[in-house]
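Below: the structure, in structure tokens.
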Amino acid sequence: MNTERSNNGSRGTSQSGIRHYNQRLALSLIRKAGSLPKAEIARLTGLSAQTASVIVRHLERDGLVVAGSPQRGKVGQPLIPFSLDPEGAFSIGLKVGRRSGSLMLLDLTGAVRKSIHQAYQFPTPQEVVNFISTGVAALIADLSPAQRQKISGLGVAAPFELWNWEQETGAPHAVLEAWRSFDLAAETRRLFEWPVHFCNDATAACAAELLLGKGQNLRDYGYFYVGYFVGGGIVIDGSLYQGRTGNAGAFGSFPIGNRQLIYTASLHALEQDLIRQGVDSSVLWNAAGDWGNVGEALDRWVETAAADLAQACVGAACVIEPAAIVIDGAMPPHVRAKLVARVTAKLVTANLQGVTPFTVVEGSIGVDARAMGAACLPLFANFITDRDMIFKESD
């Protein structure tokens, strides 16, 4: 995985390295709790009250946290809670998909400030470059010069090997071959001065769920993201596990009999059924997530996808022993709810002998998960420390 990472948060032995790590730890704890007073930060980190006070003072001076109203208790001085300052930093996320692209601007709290979506049949590299350059300009047009100075980086979420699956995507051979020799990360770095972070699109979606969704309350889980092709991610001990090359959690390649999960549990399969029925399949890539009435094809797809997803869930549970399996996707919430309900029903009759029990839950972000996850990458790199450390300190 080609990802630039800031060295500011490394667990170095120098005084500067330790200070930066402690600041990131304090920011992570504040983000997770919503707001914390200095005394609670000291308790959770094991730092002295004086050190915690110095850390918070530095974060406040740098515009990363803001003091709230004093909270009076029964005894002692009132406690002042500190929360993340939304204006403290910004990050940009780019999702490149096989049927659509998205750009998103997040603030330090993870709130979406602005987003841009573009649908297409299958993009050429030049189309994507044009979308990035014009889209980013539109995305930050309303930011003041001071706000632009606080952009911490740009994250890119894209499928590995966009040139693959030629028959399934229906893309022209020449376009796919152009992607084979095109370095998206390098081209994006050429366009902007910010640090650029690159990640697999489904892994990025998993990162968004981890940082901003239900993953905040789950320690170990497998994650399935149903997009044009299904993919996924793995979270172990509260940390995103990316594997040796960044391709861990590639559930699309999970074997289901003599085929792979990608052929049945992907929106590609639903698209092909709609085309065969003479139904306009472009509704699947609508930015608003409104699929209208796609009819019986949706019911057929949900049933087939759920059966194979259930098998893949059992396989994942055998390997990583998760507390939960999270299923999300580029689909309306009611479709996601129906899909998860059918997966749960399929598991009732599955052979789970020897498998540690787990639950299947809906993801919470949906169609924006990949772009949001991409925008989270600079936040991870600059302001968030290891979540396993946070869990252990706060358990």
Side-chain angles (χ1 to χ4, degrees), residues 5-6 8-11 19-47 51-69 71 79-93 104-113 147 150-153 155 197 204-219 221 235 237-240 326 363-365 368-369 371-395:
R5 296 191 180 276
S6 168
N8 289 345
S10 61
R11 252 188 244 190
R19 182 177 70 251
H20 284 302
Y21 175 76
N22 287 336
Q23 288 175 356
R24 287 161 61 101
L25 178 56
L27 282 173
S28 299
L29 289 168
I30 292 171
R31 182 200 63 78
K32 187 171 185 289
S35 65
L36 286 174
K38 297 174 186 176
E40 186 65 8
I41 293 173
R43 187 188 73 81
L44 292 171
T45 60
L47 299 171
T51 300
S53 181
V54 170
I55 288 171
V56 173
R57 187 165 63 246
H58 279 244
L59 295 174
E60 189 176 20
R61 181 201 63 194
D62 293 340
L64 296 173
V65 300
V66 60
S69 301
Q71 298 176 343
L79 298 175
I80 299 176
F82 288 84
S83 57
L84 298 183
D85 187 342
E87 294 289 316
F90 299 92
S91 61
I92 297 173
M104 183 173 291
L105 177 69
L106 296 188
D107 64 27
L108 184 57
T109 67
V112 179
R113 291 295 186 94
Q147 288 174 317
K150 294 181 179 181
I151 296 175
S152 59
H197 310 259
C206 186
E209 193 71 47
L210 173 63
L211 188 61
L212 303 173
K214 292 182 178 178
Q216 296 177 88
N217 300 313
L218 294 172
R219 189 170 189 136
Y221 61 94
V235 172
D237 205 17
S239 294
L240 184 66
V326 180
S364 56
I365 301 178
D368 290 330
M372 190 175 291
C376 285
L377 297 178
L379 299 182
F380 267 120
N382 291 286
F383 304 107
I384 306 299
T385 191
D386 299 319
R387 295 190 74 252
D388 56 345
M389 175 74 173
I390 297 169
F391 269 110
K392 290 169 184 174
E393 292 288 350
S394 59
D395 281 350

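Just the heavy atoms: all of them, side chains too, but no hydrogens, waters or symmetry mates, feed the values below.
Under the side chain to side chain donor-acceptor pair (under 3.5 Å) criterion, Ser364 pairs with Glu209, not counting sequence neighbours. Checked against side chain to side chain contact (heavy atoms under 4.5 Å, CB included), Lys38 has the following partners two or more places apart in sequence or in another chain: Ser53, Val56, Phe82. Residues satisfying the side chain to side chain donor-acceptor pair (under 3.5 Å) test with Glu60, not counting sequence neighbours, are none. Remark: Asp107 pairs with Arg113 by the salt bridge (Lys or Arg N to Asp or Glu O under 4.0 Å) rule, at least two apart or across chains. By the side chain to side chain contact (heavy atoms under 4.5 Å, CB included) test, Ala371 pairs with Lys95, Ser102, Met104, sequence neighbours left out. Ala375 meets the side chain to side chain contact (heavy atoms under 4.5 Å, CB included) test with Ser91, Leu106; sequence neighbours excluded.
When each of Leu108, Asp85, Leu84, Ile30 is paired with Leu64, the side-chain contact (heavy atoms from CB on, under 4.5 Å) condition holds for Leu108 and for no other.
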Could you please spell out the steps behind the side chain to side chain contact (heavy atoms under 4.5 Å, CB included) verdict for Asn22 and Leu47?
CA-CA 9 Å; Asn22 287 336; Leu47 299 171; 4.0 Å; yes
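Taking OG from Ser35 and CG from Leu79, the interatomic distance works out to 11.0 Å, rounded to the nearest 0.5 Å. The line from SG of Cys376 to CZ of Phe383 is 12.5 Å long, rounded to the nearest 0.5 Å. With rounding to the nearest 0.5 Å, the separation of CG in Leu211 from CD in Gln216 is 6.5 Å. The distance from atom CD1 of Ile55 to atom CZ of Arg24, rounded to the nearest 0.5 Å, is 13.0 Å.
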